[in-house]
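Have a look at the structure below before the remarks.
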Protein chains: 2
Amino acid sequence: MNPKRLDLKTVPSKEPRRNTRIQQRNRELITEAALEVFSLYGFRGSTLDQIAERSGLSKPNLLYYFKNKEEIHRLLIDRLLETWLDPLKEISADGEPVEEIRKYINRKLELARDYPRESRLFANEMLQGAPRIQEELHELKVLVDEKVVLIRDWIKAGKLADLDPYHLFFSIWATTQHYADFDAQVQAVLEEGSARDKRFETAAQFLDKLFTGGLAP
Amino acid sequence: MNPKRLDLKTVPSKEPRRNTRIQQRNRELITEAALEVFSLYGFRGSTLDQIAERSGLSKPNLLYYFKNKEEIHRLLIDRLLETWLDPLKEISADGEPVEEIRKYINRKLELARDYPRESRLFANEMLQGAPRIQEELHELKVLVDEKVVLIRDWIKAGKLADLDPYHLFFSIWATTQHYADFDAQVQAVLEEGSARDKRFETAAQFLDKLFTGGLAP
DNA sequence: AAATTTTTTGACCACTTGGTAAATTCCACG
DNA sequence: CGTGGAATTTACCAAGTGGTCAAAAAATTT
């Protein structure tokens, strides 16, 4: 009843232009700042004011680009998981087993070196019991299950030591991400003014030895 | 000028009695609740109201027992570090090298199993860059340095594989604490209704194999 | 039981927090 | 140029925050 007259000229089409240069730049500024803050303090411990300050934008302006705090966090988490799952997908049934695992370890360690904030963001989420990413964890499980089958085959073929594949993944994740998540501790214990890159170099060599020893059939 | 008359009976001595039964019970209630909350949300993300509710005491009553939020946190951190350092101290120069390390790994894993909240409290602190525990980290470093010397001796004597001792510790900490800190992920990936104890059982066997393989000279 | 001390509460406060609304400024395009 | 939408700011709000204080209620001592 009494529908508003649909004026063909004014009502339709012209959605606000998305992805102007300004949009892109500011969304980038915001996510960059948010990553910094969220990765340190977790979702609850971070405030829009902190993100606003770090990004150089005002708080209301932040909320012009994102509906609310949670939406910013969501975007970061979603991005992160893509990056995180990639190396796992690349484990190939065609490669040499020990070599494939070693390559996986190396890729994961590179991620920890190059994206420590993403690693900490993930860690924060886990510590809180992963309330916001149950769905994504299921996706991870599916992928892991697939690779577990592959590894079991390798073990059966005598090409890998008989290690529980699930816990093998856990230990790889733990050791590599440790260098990002517990950087404060690693630095405090090593202390020598040794450069970050150098530390990761040594870590790579160590992990290689440790896992090669454990993996060889 | 005009000092209040010092009545010898009323003014002196009688400090308020500490450690009444009520004091003990309530301080325990508070630290218990605080551990629960802080281990989930970190210092910034936790609120006195949450702790008050979980402990069953009112917020002003909380602050009757502790000066402020930070003091509660401090107490938890201090307690935790004692427990955490203990197993490291027990690594003995008199034991069989590989066996000593294996025992250390087992003890650490037991801690992760029995005190997951403490582990997460520590992890939260690390993620934030360990602002409140620089001092304690130094204490840790001193202890680690001592054990590093011991391990280097063992390596020189051909009783251990030639692995960087610092990174050996890192990998042990990482793998064991992972089961407490990333429990949400471990559960999601394993999923089988497998009981917690069973998981730790499997983890213990896995870590034993992995490190034995890597450590043998 | 009275006096004293310990414990608990209720009312409050200043500041922070996530978020909104309207007004204003900026900017591309005809 | 001016005009319409995009971007930004200003002013604001309700709820949450860490923390205080004086008074009431319990316990304890005398």
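Convention: sequence-line order gives letters A, B, ...; per-chain numbering from 1.
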Rounded to whole angstrom units, what separation is found between the CG atom of Asp49(A) and the C1' atom of dC15(C)?
11 Å
Please work out if Leu48(B) contacts a base, only the sugar-phosphate, or nothing of the nucleic acid, heavy-atom cut-off 4.0 Å.
sugar-phosphate
Would you indicate whether Glu90(A), at its atom CD, is surrounded by more than 12 heavy atoms from other residues, nucleotides or ligands within a distance under 6.0 Å?
yes
Just the table, please: protein N/O against nucleotides 9-13 of chain D N/O, every pair under 3.5 Å.
from   : atom 1 : to       : atom 2 : distance (Å)
dT9(D) : OP2    : Ser58(A) : OG     : 3.3

Between dT17(D), dT17(C), dT20(C), which one does the side chain of Thr47(A) approach most closely?
dT17(C)
State plainly whether the residues Arg107(B) and Glu110(B) are in salt-bridge range, i.e. N to O under 4.0 Å.
no
Side-chain N,O (Asn26(B)) to OP1/OP2 (dT6(C)) below 4.0 Å
no
Please report, rounded to the nearest Å, how far the P atom of dT28(D) is from the CD atom of Gln23(B).
12 Å
Over how many whole Å does the gap from Lys69(B) atom NZ to dT16(C) atom P extend?
14 Å
Rounded to whole Å, the CD1-C1' distance (Ile72(B) to dG19(D)) equals 12 Å
Across all chains, not counting sequence neighbours, the side chain to side chain donor-acceptor pair (under 3.5 Å) partners of Glu201(A) are none
Taking CD from Glu53(B) and P from dG18(D), how many angstroms apart are they, rounded to a whole number?
14 Å
Crowded around Glu135(A) CD? As in, over 12 foreign heavy atoms under 6.0 Å?
no
Heavy-atom neighbours of Glu99(A) CD exceed 12 at 6.0 Å
yes
Comparing Arg25(B) with Arg44(B), nearest DNA chain C nucleotide closer to 5' gives the residue Arg25(B)
Which whole-number value in Å describes the distance from Ile22(B) CD1 to dA25(D) P?
17 Å
Would you say Tyr115(A) has more than 12 foreign heavy atoms packed within less than 6.0 Å of its OH?
no
Rounded to whole Å, CG of Leu29(A) lies from C1' of dA7(D) at a distance of 14 Å
If only side-chain N and O atoms of Tyr65(A) are considered, is one of them under 4.0 Å from the OP1 or OP2 phosphate oxygen of dA6(D)?
no
Only one of Phe122(B), Phe66(B), Phe43(B) passes ring pair (Phe, Tyr, Trp, His ring centres under 6.0 Å) with His73(B); say which it is.
Phe43(B)
Here the distance between atom P of dT17(C) and atom CD of Gln50(A), to the nearest Å, is 7 Å
Report which part of the nucleic acid Phe66(A) touches: base, sugar-phosphate, or nothing (heavy-atom distance under 4.0 Å, all strands).
nothing
